[in-house]
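The block underneath contains the structure these notes are about, expressed in structure tokens.
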There are 2 protein chains.
Amino acid sequence: MNAKRYCMDMKKPIYQQIKEELQAYIEGLAANTPIPGERELAARFHVSRMTLRKAVAQLEQEGYLYREMNRGTFVADKKLRKQANIVPSLEADHCYRYKVLYFDIKERSESDVQYNLEIAFDEYILRVVRLVLNENIPVCIEEIYCARKNISDEQLGNLNAFLNMDQYTQKGSIRQTFLPMMIPTQYASLLHLKINTPIIRVDSLIHKKDGRPFIYIKSYNHPEMKRIEITI
Amino acid sequence: MNAKRYCMDMKKPIYQQIKEELQAYIEGLAANTPIPGERELAARFHVSRMTLRKAVAQLEQEGYLYREMNRGTFVADKKLRKQANIVPSLEADHCYRYKVLYFDIKERSESDVQYNLEIAFDEYILRVVRLVLNENIPVCIEEIYCARKNISDEQLGNLNAFLNMDQYTQKGSIRQTFLPMMIPTQYASLLHLKINTPIIRVDSLIHKKDGRPFIYIKSYNHPEMKRIEITI
DNA sequence: CAGTGGTCTAGACCACTTG
DNA sequence: AAGTGGTCTAGACCACTGA
């Protein structure tokens, strides 16, 4: 956290750069350590207080810092950092391997898929089923559905790129539903589970910003290998 | 969305008032309707653009609006509004009824409770078990744990006030874990469930801002009556 | 009392889209 | 060329805390 000049924009907003520097600075500090006041930090970084505040506000929202009115800003406990570790494909830094079990394009699909994707019952649907592995250990099985009309021929040619969900999560909204059930018999052995094992299926519906549903994912999670956890 | 003056502060920040007015204004509009530009809105409300932006930014974050770079700001589809409808006690506007099944203060508790609340194995623990009802239909059973030392005698006297979780969620952090399991036999009939019904237990750990764990809740959810759903 | 975070202003420039 | 959202500045006042 030294006094560096920020004239050399690298196309990145100043508050982003400051945010990253603060984040690195915080990393080494014990929880509940106070950090310097906003005026002092602004001076050190040679920016206005409003810009500095934007960086701090984001770090606060992500659970790196917390503020106390009229007292100061403090380093937050690491375990309080916000995260939503729910579905492998939708995790920020997923280091998973995927093994496509099969994929097809078919007319007619299950009614819940039609309902969620808001399509007529005679529309073509892309379906991909894949096993998700973490260091060769199966963590879940994902069934991915998308209306054919919403996929360009080019995207269909490069299915791996299409199935990288990062690109959608940023510029859209996701609704997730959690359903308790027995592991479906056809998936039990793939996940190394006995039949009648209770699992959680997470249904994720990715919307475009205008509200049109785009991709629907049913994720059958291994109860031990895939811990579902969020910090808010 | 008329041009009202904002001199009469009612202790509420201007951006809050504007946010509420915009929210009301939006309510009647169809999804994807563009709203006026920031400069025009700022003029209408007689505030600076930065203040106006703060109101809009919050509405965007909550899923009421979305912005498109260099294009404009639009009304978001209602179904994209952010929500985390997970545990009854922690829901924003819970209209549930609670029926305490029993409560006690005991030495020694289950090891997972000790672990999560970070207490020694000989510390006294308050435990409350209650049935949660939505219009007389049972939706879940909550086991609530809190270290006795963290509860004042006064709070203990007014248990209902203490168990109102609103007060903690604002000024703290919550970690929630989702566990698939069979309904515990002792709870099956209370929730009107057959034994061997798969359910989701949601474990919520409420922390103070300094990272100290405070309250631990195990919520056994009725799979049909309590739908677990989040929109992010 | 000095210092804190919270709010607010009235400007400014930028990159970009759209007619 | 006009309009958009995104960023940034250099001030200001407020209510509150804590020594």
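Reckoned from all heavy atoms, side chains included, excluding hydrogens, waters and symmetry mates. Quick note on labels: first sequence line is chain A, next is B, and so on, each numbered from 1.
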Whole angstrom value for the distance that separates [atom2] of [N] from [atom1] of [X]:
X	N	atom1	atom2	value
A:K12	D:dC8	NZ	C1'	18 Å
B:Q16	C:dT7	CD	P	8 Å
B:E38	D:dC8	CD	P	15 Å
B:R53	C:dT7	CZ	C1'	16 Å
A:I35	C:dG3	CD1	P	18 Å
A:E40	C:dT4	CD	P	7 Å

Is it the case that [X] and [Y] place a side-chain donor and acceptor less than 3.5 Å from each other?
X	Y	value
A:E142	A:S219	no
B:Q58	B:K19	yes
A:R212	A:N150	no
A:N116	A:Y145	no

Sort me out a list of protein N/O and nucleotides 9-12 of chain D N/O pairs below 3.5 Å, or just none if empty.
from, atom 1, to, atom 2, distance (Å)
D:dT9, OP2, A:S48, N, 3.0
D:dT9, OP2, A:S48, OG, 3.2
D:dT9, OP2, A:T51, OG1, 2.6
D:dA12, N6, A:R49, NH1, 3.4

Could you work out, with ring pair (Phe, Tyr, Trp, His ring centres under 6.0 Å) as the rule, every residue matching A:Y216, not counting sequence neighbours?
none
Can you find a heavy atom in the side chain of A:I230 that is under 4.5 Å from one in the side chain of B:R175?
no
Side-chain touch A:I125/A:C146, heavy atoms, less than 4.5 angstrom
no
Please check the phosphate of C:dT4 (OP1 and OP2 only) for any side-chain N or O of A:T73 closer than 4.0 Å.
no
Is the shortest side-chain N/O distance from A:Y15 to OP1 or OP2 of D:dT7 below 4.0 Å?
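A:Y15 to D:dT7 OP1/OP2: side-chain N or O found under 4.0 Å.
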Looking at A:Y98, does the NZ or CZ of A:R130 lie under 6.0 angstrom from its six-membered ring centre and within 45 degrees of the ring axis?
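The answer is yes, since A:R130 meets both limits relative to A:Y98.
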Answer yes or no: is there an ion pair linking B:K82 with B:E62, defined by an N-O contact shorter than 4.0 Å?
no
Would you jot down, in residue-number order, the residues of residues 54-72 of chain B having a non-hydrogen atom under 4.0 Å from DNA chain D?
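Heavy-atom cutoff 4.0 Å gives B:R67, B:E68, B:M69, B:N70, B:R71, B:G72.
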